[in-house]
Amino acid sequence: MLTPKFDQLVKALQILPSVGQKSAQRMAIELLSKKRSQGLALAYALEIAMNEIKECQICHSFSDDDICPICADVRRDDSQLCVVERASDVVAIEQSGAYRGRYFVLGGHLSPLDGIGADDLHMDELVALVKKSAISELILATGATVEGQTTAFFIHDALKACVDNITRLAQGIPMGGELGYVDSLTLHQALQNRAFL
Ligand SMILES: [Zn+2]
């Protein structure tokens, strides 16, 4: 549009989630007109991250080294293992500050309609890890979606003989949520999973 190199930048920015052509053009213009040095720093950070961040050999989350900082941290609780779909879920749970155990990142969820089966996830590695570890609680923190539930049931079936306690994250009313605005399935689950005060 403006120049071939400008178009190339706009196209590259559009690979980011929720960035359409218009936002990408705004970003490109902002970077070129006011933020050249920050733009170069961004390009450098991207290059380093894309080339050097890898998967942790134990939990399959992102890591700079073979083993990630959480797996390497001796202060974490070895008796709890929390299974999530994506590394972003690890970040979310860490930010809650409510969990001190270990993690395992599956790499997605089972989705027969999209042709994603157990072989496409780190399912064998999870089974092997649980079998060789002294885990007393396996927390299934897959998504509250049909696929997330299916994945949780699959893992439960595969590992119920190996772990004493297999739990699922509670589902229900969001903080600040008014009952009148909550859908009936969420309300149903909130009533089933109610907790003592
Ligand atoms: Zn790890």
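Order of listing sets the numbers, starting from 1, for every ligand and every atom in it. If you're wondering where the values come from, they're calculated on a predicted model, not measured in any experiment.
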Exercise. Does CD belonging to Q171 count more than 12 external heavy atoms closer than 6.0 Å?
Worked result: yes
Exercise. To the nearest 10°, how many degrees is the angle C68 SG to the Zn ion (ligand 1) to C59 SG?
Worked result: 110°
Exercise. Between SG of C56 and SG of C71, what angle is found at the Zn ion (ligand 1), rounded to 10 degrees?
Worked result: 110°
Exercise. Should we say atom OH of Y99 is surrounded by more than 12 heavy atoms from elsewhere, each under 6.0 Å from it?
Worked result: yes
Exercise. Between R76 and E94, does a salt bridge (Lys or Arg N to Asp or Glu O under 4.0 Å) hold up when you go through it step by step?
Worked result: CA-CA 12 Å; R76 304 286 302 208; E94 282 299 288; 2.8 Å; yes
Exercise. Around I15, counting heavy atoms of other residues, nucleotides and ligands shown, do more than 12 lie under 6.0 Å from its CD1?
Worked result: no
For this session: Answer yes or no as to whether an N/O/S atom of H60 is found below 2.8 Å from the Zn ion (ligand 1).
Result: no
